[in-house]
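Okay, so here's the structure we're looking at.
Quick note on labels: first sequence line is chain A, next is B, and so on, each numbered from 1.
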Number of protein chains: 2
Amino acid sequence: MDKLRGMGLKLTPQRIAIMQYLEGNTGHPAADDIYKALVQQYPTMSMATVYNTLEVLKNRGHLRELTVDPQKKRFDPNVQPHNHLICVACKKIVDVHSAIKVLFPPEEQGGFEIVGHHIEFYGRCASCKKN
Amino acid sequence: MDKLRGMGLKLTPQRIAIMQYLEGNTGHPAADDIYKALVQQYPTMSMATVYNTLEVLKNRGHLRELTVDPQKKRFDPNVQPHNHLICVACKKIVDVHSAIKVLFPPEEQGGFEIVGHHIEFYGRCASCKKN
DNA sequence: ATTAATGCAAACACTTTGCAATGGA
DNA sequence: TCCATTGCAAAGTGTTTGCATTAAT
């Protein structure tokens, strides 16, 4: 929670609320999810502040921007390398905690110097399988 | 090129041009890349027609919509399962042709029935490494 | 006191839609 | 002829920006 302290950053009530909302949140919220969740309690909350804070957190490495949703950016407070399961029916995005081995022969890497990777698994979640 | 024939679909000059532009294109163009490339030769080409045609091709399984770019949708005429290398410097997206083994223990799959996956490799391409 | 952050409104970028006109089949 | 498609313009959705005000340090 004191991730924002230091370097001239100010700890405003809005930022604290956004950080608390994100802390441990595994729902991969978009900016407007955050706004809607907090505007009741903080009536002056604005989208500009949400985006501003997300940008700050992202730049400081406390937040990862996901590109899994074609409609909008989603944010993941878990910055440890991990992968995602995406339900093709209900669009739910679930973290994959297990470390998955990826065997990618270096001679196939097209001259790239690879620094990381991200796997999207597509499927049907347990509750969508039942319907 | 006669992928569109049948089922009441009409083969208009605009659609033919878009399909020809996409055929074998490995640059993962966005809608406006396609529009800009074709509007010179087809002055009446419109974004609506580009989006319309992309939608038709996507629904018929001749095109894949990529979610790798946070700014806009990109399209890939290669619908065979494959992965992508993304240069973190120049944002270039390159196909990975080799089949990559992914070891994902079923007991870790959170009850999902997995139907496919897509890997984004992040790195620096050969020419960006040199700068 | 200083200066970063807020939040409104406006601008922006990308995508979708309504609908009259067009033109393949 | 018939009806899918075109293409303009307008609207919709998500994101960013300008700037005067506010408030954390």
Side-chain angles (χ1 to χ4, degrees), chain A residues 1-22 28-60 62-75 91 93, chain B residues 1-21 28-60 62-75 91:
Chain A
M1 188 43 54
D2 37 30
K3 286 173 179 173
L4 276 184
R5 249 182 250 289
M7 287 189 66
L9 288 175
K10 289 175 181 172
L11 216 40
T12 68
Q14 294 87 343
R15 282 192 171 169
I16 293 169
I18 293 169
M19 293 182 71
Q20 282 178 341
Y21 179 78
L22 288 172
H28 311 91
D32 70 300
D33 295 322
I34 299 167
Y35 173 78
K36 281 181 194 145
L38 298 177
V39 71
Q40 310 271 359
Q41 197 175 347
Y42 298 82
T44 71
M45 179 73 70
S46 74
M47 285 300 288
T49 295
V50 173
Y51 277 109
N52 169 15
T53 301
L54 291 174
E55 183 71 13
V56 169
L57 292 174
K58 192 175 68 180
N59 290 343
R60 307 196 106 215
H62 298 302
L63 197 60
R64 197 165 131 200
E65 183 181 301
L66 302 182
T67 57
V68 296
D69 186 331
Q71 312 296 327
K72 49 195 170 184
K73 294 175 182 170
R74 285 162 167 272
F75 297 89
K91 313 297 179 191
I93 302 169
Chain B
M1 188 43 54
D2 36 31
K3 286 174 181 175
L4 275 184
R5 250 182 250 292
M7 285 190 65
L9 287 177
K10 288 177 183 173
L11 217 40
T12 67
Q14 294 87 341
R15 282 191 171 170
I16 293 169
I18 293 170
M19 292 182 71
Q20 281 177 343
Y21 180 78
H28 311 90
D32 70 301
D33 296 321
I34 299 168
Y35 174 78
K36 280 181 195 146
L38 298 177
V39 71
Q40 312 271 359
Q41 199 176 344
Y42 299 82
T44 71
M45 180 73 70
S46 73
M47 285 300 288
T49 295
V50 173
Y51 278 110
N52 170 15
T53 301
L54 292 174
E55 182 71 12
V56 169
L57 292 174
K58 192 176 68 178
N59 290 342
R60 305 196 106 218
H62 298 304
L63 196 61
R64 197 165 128 199
E65 183 182 300
L66 302 182
T67 57
V68 296
D69 185 332
Q71 312 296 328
K72 49 194 170 185
K73 293 175 181 172
R74 286 161 166 272
F75 296 89
K91 312 297 179 192

Counting N and O atoms only, with roles assigned by atom type, does the side chain of [X] sit under 3.5 Å from a partner on the main chain of [Y], one being a donor and the other an acceptor?
{"X": "Thr67(A)", "Y": "Asp69(B)", "result": "no"}
{"X": "Arg74(B)", "Y": "His28(B)", "result": "yes"}
{"X": "Asn59(A)", "Y": "Val56(A)", "result": "no"}

**Q.** Stepwise side chain to side chain contact (heavy atoms under 4.5 Å, CB included) test for Met19(B) and Leu57(B)
**A.** CA-CA 9 Å; Met19(B) 292 182 71; Leu57(B) 292 174; 4.3 Å; yes
Q: For Pro70(B), report the nucleic acid contact type (base, sugar-phosphate, nothing); a contact means any heavy atom under 4.0 Å.
A: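 Answer is nothing: Pro70(B) stays at 4.0 Å or more from every strand.
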Q. Tyr51(A) side chain N/O closer than 4.0 Å to the phosphate oxygens (OP1, OP2) of dT16(D)?
A.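 No, no such contact exists.
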Q. Counting only side-chain N and O atoms of Lys73(A), is one of them less than 4.0 Å from OP1 or OP2 of dT16(D)?
A.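 So the side-chain polar atoms of Lys73(A) do come within 4.0 Å of the phosphate oxygens OP1 or OP2 of dT16(D), strictly under.
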Would you list the protein and nucleotides 8-13 of chain D atom pairs, both N or O, that sit under 3.5 Å from each other?
none

Distances under 3.5 Å only, N/O to N/O: pair up the protein atoms with those of nucleotides 1-3 of chain C.
{"from": "dT3(C)", "atom 1": "O2", "to": "Lys10(A)", "atom 2": "NZ", "distance (Å)": "2.8"}

**Q.** Nearest-angstrom distance from the residue atom CZ of Arg15(B) to P of dT22(C)
**A.**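 That distance rounds to 19 Å.
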Q | Nearest-nucleotide 5' precedence on DNA chain C, Phe75(B) against Asn52(A) | A |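 On the 5' side of the pair lies Asn52(A).
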Q. If an axis is fit to five pairs at each end of the helix from dA1(C)-dT25(D) to dA25(C)-dT1(D), what is the angle between the two, to the nearest 10°?
A.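 Here the helix ends are tilted 30° relative to one another.
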